[in-house]
Amino acid sequence: MPPDSNKNERYNARAAEARWQKTWDQRGIYATQNSDPRPKYYVLEMFPYPSGRIHMGHVRNYTMGDVVARTKRAQGFAVLHPMGWDAFGMPAENAAIDRKVHPKEWTYDNIAAMKKQLQSMGLSLDWAREIATCDPSYYKHQQKMFLDFLKAGLVERKQSKVNWDPVDHTVLANEQVIDGRGWRSGAEVEQRELTQWFFKISDYSEDLLAALDRLDRWPEKVRLMQKNWIGKSEGLTLRFMLDPNSLTNLSAPNQENELEIFTTRPDTLFGAKFMALSPDHPLSLAAAAKNPKLATFIAECKKMGTAQAEIDTAEKLGFDTGIKAIHPFDPNWKLPVYVANFILMEYGTGAIFGCPAHDQRDLDFVNKYGLGNTPVVCPDGQDPKTFVITTTAYDGDGRMINSRFLDGMSIEEAKEEVAKRLERETRPLPTPPPQAGEGRVGVAQRQVNYRLRDWGISRQRYWGCPIPIIHCEKCGVVGVPEKDLPVTLPEDVSFDRPGNPLDRHPTWKNVTCPTCHGPARRETDTMDTFVDSSWYFIRFTDPWNAKAPTDAKVANAWMPVDQYIGGIEHAILHLLYSRFFTRAMHKTGHVGMDEPFAGLFTQGMVVHETYRSKSGDWVEPANVKIEGMGDARRATLAATGEPIEIGSIEKMSKSKKNTIDPDDIIAAYGADTARWFMLSDSPPERDVIWTEEGVQGAWRFVQRLWRLVGEIADIKAPATRPAVFSEQALVVRKAAHRALNNVSDDIARLRFNRCVAHIYECANALSDAIGAVETAPGPDLAWALRESGDILVALFHPMMPHLAEECWQALGHKTLVATEAWPVVEPDLLVENTITLPVQINGKKRADVTVPREAGETEIKAAVLALDAVKRALDGKSPKKVIVVPQRIVNVVA
RNA sequence: GCGGACGUGGCGGAAUGGUAGACGCAAGGGACUUAAAAUCCCUUGGGAGUAAUCCCGUCCGGGUUCGAGUCCCGGCGUCCGCACCA
């Protein structure tokens, strides 16, 4: 590129971007004042984990948020658009182990590096509100809220299972368990029970479920996923008597004389073939005490990991305890009681009755143990006499069969009948006697059950927010007094051994009890990092507050977040925890609302082709040379020419080495090009494939816009708006105003790929108009072109802010386009005087008809019937029907 | 296993139940140039036909409708989440 040529100079993104970033920064135009009286708009992207480098997923996510922020700012809102760091978590500890670097140092270095990268993207962020969750000034308030929640009854301690690595003596995350073995040690993982802290999210099950209906700016699929996660089900708890003759081998003398189960299918009670207990069920343990084989079986079950997918896909295994349960409707009907590996203690009562014909898991189980099945629901249209179940359970609708007094009923009627009969029948509660109330209770009780479990927040790790609790032998569990907060992490820790460094720190955990001043020890567990991210969006409203997590007045003014943008992978946990946490903060007086996110958008991933060498190693795209097209596409290693296999398109990941570094792209093409490409083509909720061609296309368009604006800037236009416009000038103005209208609408609905298309169309129209001018445009066309140029620049500003500033300046404006108001559309320019309707004959398009905009149905019909194509198709006959859909289409039924 | 999505040209995709393929990419042809790059113009779902025009076509099989990529039922395929990754 000749740098001396002035007129046709290329847009120099690198120089321009640095310059405009400096200007914005110096003028402080993205700092938001809490005192701003304009209507508020809070746009937030999910804050990143400081892994060290931003990735393309961040570029996509933050560009989308920035488009919304810039647009809303132009539309007159006080926009809050902050950024921070989800800075606690396991990778920092892994780095400490692998690279001997302190988690704190590692984290803050990463933050500094990533902040620089984000700043190079030209995001309109208010960096004055930056927070890092690992900073004591942040987690101090989190500890305060933990104590507030504790006082409010929202926290409890209970037992829960963890993945235990018996070699490393450490707790493993599910992702650290690979094929049932610890990722570092390779040892078989065991389940262990630990006493842990829980937030009582299940207190809000019904509220979290019911409120989903009001989140009308959330994706339907996320609401559905949360609904299923909460998993409300209505059923019965049902007390089966145990056959006393079968209980002789139990440890305790006959404490368990009955077994309580939960079922959502009481209608299938006559199809029951067995009972199944969780390996953790008290009755299982009682039976195992005198039965070594059963004890071994239970121990085997504990070798299974705690992940749900693993439990569900494992082979269904059971062990017959020898205990018999008595059918509630037939004292002579005895059911074998098994301990089974697929029954969860956490759900229902930890025990079920198995009806194999109508539940696949139960069917797999009986087929393995030869217990048989009896269908009790017969689908409509099936003959009950011949209806049999072999390997596939039937869980659909139908009529009751083989079920005595239920026969012929619908499923719903049968459920109701069973409930009614068993509710009426009462029996004394099992021994030992109940502590309160009457001695007799219905054999069955209707019960609403939720799948949602309480939120276990204890982590046996160093790099997390310390749980502000002191354990005293005399006083028990005592909260750290507020004046002693924050409980800070000690910095002199070692990672040379596995396990929690806090637990083996020589002094940190030794404290005096705040109540009795005797010796006591600190809680050494830290909080789940999901706690940190469950309120950061509220902290952003008042991040400087040293006294309290937030100022309710300020938080209530900014909250809820109007538009939250992040990955679909957070659809359930992060969002549900945040909804709970906001409610808990409401209950403890920190804020005045329940729902944190009024609008939610979940964007898709950035994916890329994968490359593999002959030896099976993954190869980075930067080292691959691609030649040829379509099927003839071949890849070679750029350095050696070794052939490379082109693999499937997958999520960018370090392990498959198919990542593209945003830094490289920004250095080569500039941030605007990267931003533009991330918004082009793919709908934002879907995955976008990163391609070299796509980036180059975006880069060419950047240059094209720059040239186009240069041409418009050269046009001399009258200062005042002409009174009349020629047809030519109107075409230009209509194109610009149509684009303005479409882009405004599509940004509001976050349909960025369509915005991109409309901006292309607008640019094409302006290029065409300029190309058609032979000498110099007349004053009306000149004015129209200048007007349209201004509109075009304003429209792409949210997406390519640096280029827009450069263009705005070139067009002679002295202001910043970043602080300009959004252009105002002239509605008259959006309507045409004539409309062209497609004409179908029998549903197939055969012709067009052009009619005046205000033409009525009879007028349109007449015009349609006069068309050659219609006459030909009708062949002299009159049509059966003519359907005129106003403004849309005409269909002639011949 | 359970739950959730998605499936349209060579590719990414567009299409309130109403003209399938907007817009972009790639490709082919042309202009400019000593040449290349850059830029500009034209063509581009498949098939038949000189042409007008016609036939086929939105993963597969059914259905509803004047009309289905879109709605319903049943398959197939791909992807995501599953509670200690964030």
Side-chain angles (χ1 to χ4, degrees), chain A residues 1 8 10 46 48-49 51 86 88-91 160 162-163 171-177 196 219 221-222 224-225 227-229 231 306-314 316 342 346 360-361 364 451-461 528-530 532-533 567-574 576-577 604-605 607 629-631 648 650-651 680-683 685-689 691 693-694 696-698 700-701 703-704 707 753-754 756-761 764 767 771 836-840 842-848 868-869 872 880-883 885 887-893:
Chain A
M1 200 43 39
N8 293 322
R10 285 217 182 171
M46 292 180 184
Y49 179 80
S51 58
D86 191 11
F88 274 136
M90 288 207 310
S160 141
V162 294
N163 297 308
V171 176
L172 298 177
N174 281 332
E175 67 156 16
Q176 296 174 320
V177 180
Q196 314 215 53
K221 66 172 170 180
V222 175
L224 190 58
M225 283 163 89
K227 183 182 171 207
N228 290 330
W229 188 257
T306 58
Q308 191 64 45
E310 198 182 345
I311 294 166
D312 287 345
T313 49
K316 310 278 173 285
F342 60 97
E346 290 79 20
Q360 191 61 46
R361 287 168 309 182
D364 294 344
R451 205 182 72 101
L452 181 65
R453 307 204 292 260
D454 279 332
W455 174 13
I457 60 155
S458 295
R459 297 290 181 273
Q460 295 70 40
R461 306 190 200 290
D528 178 7
T529 57
F530 271 123
D532 313 337
S533 56
I568 185 71
E569 67 273 20
H570 294 292
I572 297 175
L573 294 181
H574 163 59
L576 197 59
Y577 290 154
M605 294 179 302
V607 296
M629 289 295 309
D631 287 345
S648 58
E650 295 189 47
K651 177 179 178 171
S680 311
D681 294 353
S682 287
E685 69 278 7
R686 234 187 275 177
D687 291 352
V688 62
I689 304 175
T691 61
E693 294 82 3
Q696 282 176 4
R700 277 201 299 272
F701 189 57
Q703 297 299 340
R704 208 184 128 203
R707 281 196 306 275
N753 58 320
R754 290 172 34 127
V756 166
H758 290 133
I759 288 170
Y760 267 109
E761 280 170 338
N764 291 346
S767 295
T836 300
L837 293 173
V839 176
Q840 294 182 332
N842 294 328
K844 287 189 178 183
K845 198 225 160 183
R846 285 292 182 259
D848 291 302
D868 284 346
R872 215 177 320 132
K880 282 204 190 105
K881 206 176 187 184
V882 178
I883 296 157
V885 183
Q887 309 295 310
R888 277 279 162 205
I889 204 167
V890 181
N891 191 10
V892 179
V893 185

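A note on names: the letters A, B, ... follow the listed sequences, proteins ahead of strands, and every chain is numbered from 1. Note that the structure is a prediction, hence the values are computed from the model and not measured.
Between A:Asn228 and A:Arg451, the shortest heavy-atom contact is O-NE, 3.6 Å. Between A:Asn842 and A:Val893, the closest heavy-atom pair is OD1-CA, 3.5 Å. Heavy-atom minimum distance, A:Gln196 versus A:Ser458: OE1-CB, 3.1 Å. The nearest pair of heavy atoms linking A:Ile311 to A:Thr306 is CD1-O, 4.0 Å.
A:Asp868 has its CG atom 10 Å from the P atom of B:U53, to the nearest Å. To the nearest angstrom, P of B:C6 lies 17 Å from CD1 of A:Ile689. Residue A:Tyr577 contributes atom OH, which lies 9 Å from atom P of B:A83 at whole-angstrom precision. Across the protein-nucleic acid pair, A:Met90 atom CE and B:C84 atom P stand 11 Å apart, rounded to whole Å. When rounded to the nearest whole Å, the span between CG of A:Leu576 and P of B:G3 equals 18 Å. Atoms CD (A:Gln176) and P (B:C85) sit 8 Å apart, rounded to a whole Å. The distance from atom NZ of A:Lys844 to atom P of B:C54 is 10 Å, rounded to the nearest whole Å. One atom, CZ of A:Phe342, and another, P of B:C2, lie 13 Å apart when rounded to the nearest Å.
Donor-acceptor pairing under 3.5 Å is lacking for the side chains of A:Asn753 and A:Arg686. A donor atom on one side chain and an acceptor atom on the other are not found under 3.5 Å apart for A:Thr836 and A:Asp848.
Proximity of A:Met90 to A:Arg459: side-chain heavy atoms (C-beta onward) are nowhere separated by under 4.5 Å. A:Arg846 places none of its side-chain heavy atoms less than 4.5 Å from the side chain of A:Gln840. A:Trp229 is listed as a side-chain neighbour of A:Leu573, based on a closest heavy-atom distance under 4.5 Å. Counting heavy atoms from C-beta outward, A:Asn764 and A:Arg704 have side chains that approach closer than 4.5 Å. The side-chain heavy atoms of A:Arg707 and A:Arg10, taken from C-beta on, include no pair separated by under 4.5 Å.
With sequence neighbours left out, the salt bridge (Lys or Arg N to Asp or Glu O under 4.0 Å) criterion links A:Asp86 to no other residue.
Where A:Arg888 and A:Arg872 meet RNA chain B, the nucleotide closest to each residue was compared, and A:Arg888 sits on the side nearer the 5' end. Comparing A:Asn163 and A:Ala698 by the nucleotide of RNA chain B whose heavy atom lies nearest to each, the residue mapping closer to the 5' end is A:Ala698.
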Mind listing the N/O atom pairs, protein and nucleotides 41-44 of chain B, below 3.5 Å?
none

Please list, pair by pair, any protein nitrogen or oxygen found under 3.5 Å from a nitrogen or oxygen in nucleotides 37-40 of chain B.
from  : atom 1 : to       : atom 2 : distance (Å)
B:A38 : O2'    : A:Arg10  : NH2    : 3.4
B:U39 : O3'    : A:Arg707 : NH2    : 3.4

What pairs of nitrogen or oxygen atoms, one from the protein and one from nucleotides 21-23 of chain B, lie under 3.5 Å apart?
from  : atom 1 : to       : atom 2 : distance (Å)
B:A22 : O2'    : A:Glu761 : OE2    : 2.9

Is there any protein nitrogen or oxygen under 3.5 Å from a nitrogen or oxygen in nucleotides 46-48 of chain B, and what are the pairs?
none

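Other residues, nucleotides and ligands place no more than 12 heavy atoms under 6.0 Å from the CZ atom of A:Arg361.
Across all strands shown, B:C66 is found opposite B:G18 as a Watson-Crick or G-U wobble partner, with both distances under 3.5 Å. Checking B:U39 for Watson-Crick or G-U wobble geometry (two distances, each under 3.5 Å) identifies B:A31 as its partner. Figure legend. B:U53 is base-paired to B:A48; pairs are counted as Watson-Crick or G-U wobble with both atom distances under 3.5 Å. B:G9 is unpaired under the Watson-Crick or G-U wobble criterion, no partner having all donor-acceptor distances under 3.5 Å. Base pairing of B:C84: no nucleotide in any strand meets the Watson-Crick or G-U wobble criterion (both distances under 3.5 Å).
Comparing B:C84, B:A86, B:C56 by their nearest atom to the side chain of A:Thr529 picks out B:A86.
No engagement by A:Ser680 is indicated, since no non-hydrogen atom pair under 4.0 Å with the nucleic acid exists. Note on A:Gly231: nothing from the nucleic acid sits closer than 4.0 angstrom, heavy atoms only. Here A:Gln360 lies out of heavy-atom contact (under 4.0 Å) with every strand. Among the heavy atoms of the strands, none lies under 4.0 Å from A:Pro48. Looking at heavy-atom distances under 4.0 Å, A:Phe701 makes no contact with the nucleic acid at all. Residue contacts shown for A:Gly89 are limited to sugar-phosphate atoms, with no base heavy atom under 4.0 Å away. Using a 4.0 Å heavy-atom cutoff across all strands shown, A:Ser533 reaches no nucleic acid atom at all.
One P atom belongs to B:G30, the other to B:G18, and the distance between them is 42 Å to the nearest Å. For the C1' atoms, the distance from B:A14 to B:A22 is 5 Å, rounded to whole Å. B:A5 and B:A68 are spaced 25 Å apart, taking the P atom of each and rounding to whole Å. Nucleotides B:A52 and B:G63 place their C1' atoms 37 Å apart, quoted to the nearest Å. B:C55 and B:G69 have their P atoms separated by 16 Å, given to the nearest Å. Nucleotides B:U65 and B:C71 have their C1' atoms positioned 10 Å apart, rounded to a whole Å. Atom C1' of B:C73 sits at a distance of 23 Å from the matching atom of B:C2, rounded to the whole Å. Here the separation of B:C42 from B:C56, taken at their C1' atoms, is 27 Å to the nearest Å.
Proximity of a side-chain donor or acceptor of A:Asn891 to a complementary backbone N or O of A:Ile883 within less than 3.5 Å is not detected. Without hydrogens or angle criteria, A:Gln703 side chain to A:Arg700 main chain gives no donor-acceptor distance under 3.5 Å. The main-chain N or O of A:Arg754 is found under 3.5 Å from a side-chain atom of A:His758 such that the two form a donor-acceptor pair.
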Inset, instruction - Apply side chain to side chain contact (heavy atoms under 4.5 Å, CB included) to A:Val171 and A:Asn163, showing your working. - result: CA-CA 6 Å; A:Val171 176; A:Asn163 297 308; 5.6 Å; no
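Salt-bridge formation is not detected for the pair A:Lys316/A:Asp364: no Lys NZ or Arg NE/NH1/NH2 atom is positioned less than 4.0 Å from an Asp or Glu carboxylate oxygen.
In this model, a side-chain donor or acceptor of A:Arg461 finds a partner on the base of B:C84 within 3.5 Å. Contact annotation: side chain of A:Gln196 to base of B:C84, donor-acceptor pair present below 3.5 Å.
The phosphate of B:C84 (OP1 or OP2) has a side-chain N or O of A:Arg459 nearer than 4.0 angstrom. The phosphate of B:C55 has OP1 or OP2 within less than 4.0 Å of a side-chain N or O from A:Arg846.
Ring geometry, A:Tyr577 versus A:Trp455: the interplanar angle falls under 30°, so the pair is classed parallel (tilted spans 30 to 60°).
Taking CD1 of A:Ile572 as the reference point, atom NZ of A:Lys227 lies at 13.5 Å (rounded to 0.5 Å).
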Legend entry - Per-nucleotide protein contact string for nucleotides 62-82 of chain B, where B marks a base within reach and S marks sugar-phosphate only (heavy atoms under 4.0 Å, - for neither): ----BS--------------B
